[in-house]
K.L.:
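Submitted below is the structure of interest, expressed as structure tokens.
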Amino acid sequence: MMYPENLRYTKEHEWIRLEGGRGVVGVTHYAQDQLGDVVFVELPEVGREVRAGESFGAVESVKSVSDVYAPVSGRVVAVNEALADAPEQVNRDPYGQGWLIAVELNDPSEIAGLLTAEQYRALVE
Amino acid sequence: MNMEPATGLKRTPLYDLHRDMGAKIVVFAGWEMPVEYTSILDEHRAVRERAGLFDVSHMGELEVSGPGALDLVQRVITNDAARLEDGRALYTPMCREDGGCLDDMLVLRLAADRYLLVVNAANTESDAAWIAKAAEGMAGVEVDDRSAECALLALQGPRAPDILQPVSDLPLASIPRFGYQGGIRVAGVPCLVSRTGYTGEDGFEIFCHPDMAPRLWTVLLEAGRPHGLVPAGLGARDTLRLEAALPLYGHELREDINPLEARLGTFVKLDKGDFIGREALSRAKAEGVRRRLIGLEMVERGVPRHGYPVVAGDQVVGEVTSGGYAPTLERNIALALVAADHAGPDAELKVRIRGRDLAARVVPLPFYRRERRAAGQSPTGTPVAGG
């Protein structure tokens with residue numbers, strides 16, 4: 001289950017999972033594998049407004065820095081503080097403990113424009 | 001991440017073995033090289049605690065031979081090759097007339113009239129051309145590129161001697177740091193073994209014919225398994241050398257940085273006789289350098305990277321030349337080239353990371369120094385042939 005069916009994906013390798021009116025956002029298995037060992041995650045302040053396609057932070061591995069982009073527009077309502085001391089969770093559990101932020105969606109219909117698991121898999125395989 | 005099929009790129013004789021082992025391959029200096037096999041962090045820790053095996057066959061080997069060999073070597077390097085004996089090597093920068101660094105290298109004295117220069121992969125051809133040009137008007141000296149006849153493996157880490165000795169036919173304990181032994185057989189393969197490296201650990205660099213390299217690689221990995229030896233890629237090589245504050249071509253070693261600024265003054269022997277760059281370096285030494293390479297450790301959270309500005313107050317006073325997460329220290333560190341008046345131990349500096357100025361403190365170099373072992377090996381912290 002490298003690309004769970006219940007998530008939606010972006011071409012920039014983020015995923016989003018809807019939980020009520022919120023979307024939980026992270027990076028995909030493919031992204032963490034390409035990055036290698038993640039050593040630092042820069043996340044926004046809670047309360048920040050993000051627009052779909054806008055960079056909201058960065059995931060840094062030993063070798064590289066990658067911006068992460070908001071899959072949808074909305075307000076950041078939670079960030080994964082645990083990553084400050086355990087950034088390796090992005091590698092170990094990208095769809096679980098390695099989540100990055102939660103967003104309150106401005107327009108839930110934006111989800112429909114994102115990739116399905118099947119479409120994303122076709123992109124990366 | 002570059003996933004395109006590579007064209008016009010070079011591969012070492014171990015390329016297929018790397019692929020079979022699941023290595024991630026990257027392009028480095030025109031070569032398709034393994035950057036990691038499992039995890040850079042795991043490979044880094046293995047080298048610090050046990051041992052790692054690196055394929056560094058991309059490095060270039062230039063042979064300078066003939067009655068005029070020593071004169072030519074002395075002319076192009078800043079260190080003093082006249083003090084070398086057979087079986088000994090030294091580390092040296094190679095500079096332009098204006099003192100800027102063209103490359104760094106290891107120089108092995110094979111005989112009184114034969115020297116082997118181990119140079120950075122990216123510079124093999126340009127170095128050969130530079131040295132050949134320096135030889136113009138000199139009689140009895142020849143410069144030959146031997147890179148195609150040399151594969152190079154680096155076995156690095158505290159367990160390296162225990163791994164290599166049982167498969168070698170000559171005693172290794174007698175090879176001192178910066179010494180080498182030719183005519184040695186490792187697993188039956190004729191090799192030249194030098195006690196050098198680029199990790200800050202004890203270890204060996206093993207030269208052999210490319211045709212024999214797959215066998216040597218396989219036997220060493222097998223022999224090292226009980227000792228916890230792992231294959232290690234260029235990613236770990238970079239984090240290891242950064243902790244040991246060893247310079248990297250294109251970062252600390254550039255044509256617009258002289259070796260005195262790059263804290264390589266120990267390897268510039270102004271009194272050895274004339275050499276290319278001597279006048280400029282003598283002047284720089286007399287006048288004092290305007291910039292200096294220092295070590296930084298981040299106080300605020302953030303990873304310093306190559307090229308990030310270093311600021312004091314709101315003024316840019318330098319740049320990060322190499323930076324990243326240091327796995328052994330578990331800190332974010334950087335080598336930075338800063339204005340000399342901001343290079344003191346109490347300088348209040350920040351690194352500009354994606355528009356935010358984050359506090360760092362100046363720390364002594366090297367960041368990491370291995371503990372002296374009871375066996376009487378000299379400590380490291382001295383640059384060895386670059387990567």
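Reckoned from all heavy atoms, side chains included, excluding hydrogens, waters and symmetry mates. Convention: sequence-line order gives letters A, B, ...; per-chain numbering from 1.
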K.L.:
For A:Ser61 and A:Asp37, run side chain to side chain donor-acceptor pair (under 3.5 Å): C-alpha distance rounded to whole Å, both residues' side-chain angles, the deciding distance at 0.1 Å, then the answer.
P.N.:
CA-CA 5 Å; A:Ser61 68; A:Asp37 296 312; over 6 Å; no

K.L.:
So what's closer than 4.5 Å to chain A heavy atoms on B:Thr239: side chain, backbone, both or neither?
P.N.:
side chain

K.L.:
Please find the pair of heavy atoms, one from B:Asp55 and one from B:Ser57, that lie closest to each other, and give the distance.
P.N.:
OD1-OG, 2.7 Å

K.L.:
Are the aromatic rings of A:His29 and A:Tyr95 close, with centres under 6.0 Å apart?
P.N.:
no

K.L.:
In terms of heavy-atom proximity below 4.5 Å to chain B, should A:Glu60 be classed as side chain, backbone, both, or neither?
P.N.:
both

K.L.:
Hey, is CD on A:Gln119 packed in by over 12 heavy atoms from elsewhere, all under 6.0 Å?
P.N.:
yes

K.L.:
Which region of A:Ala58, side chain (C-beta onward) or backbone (N, CA, C, O), has a non-hydrogen atom less than 4.5 Å from a non-hydrogen atom of chain B, or is it both or neither?
P.N.:
side chain

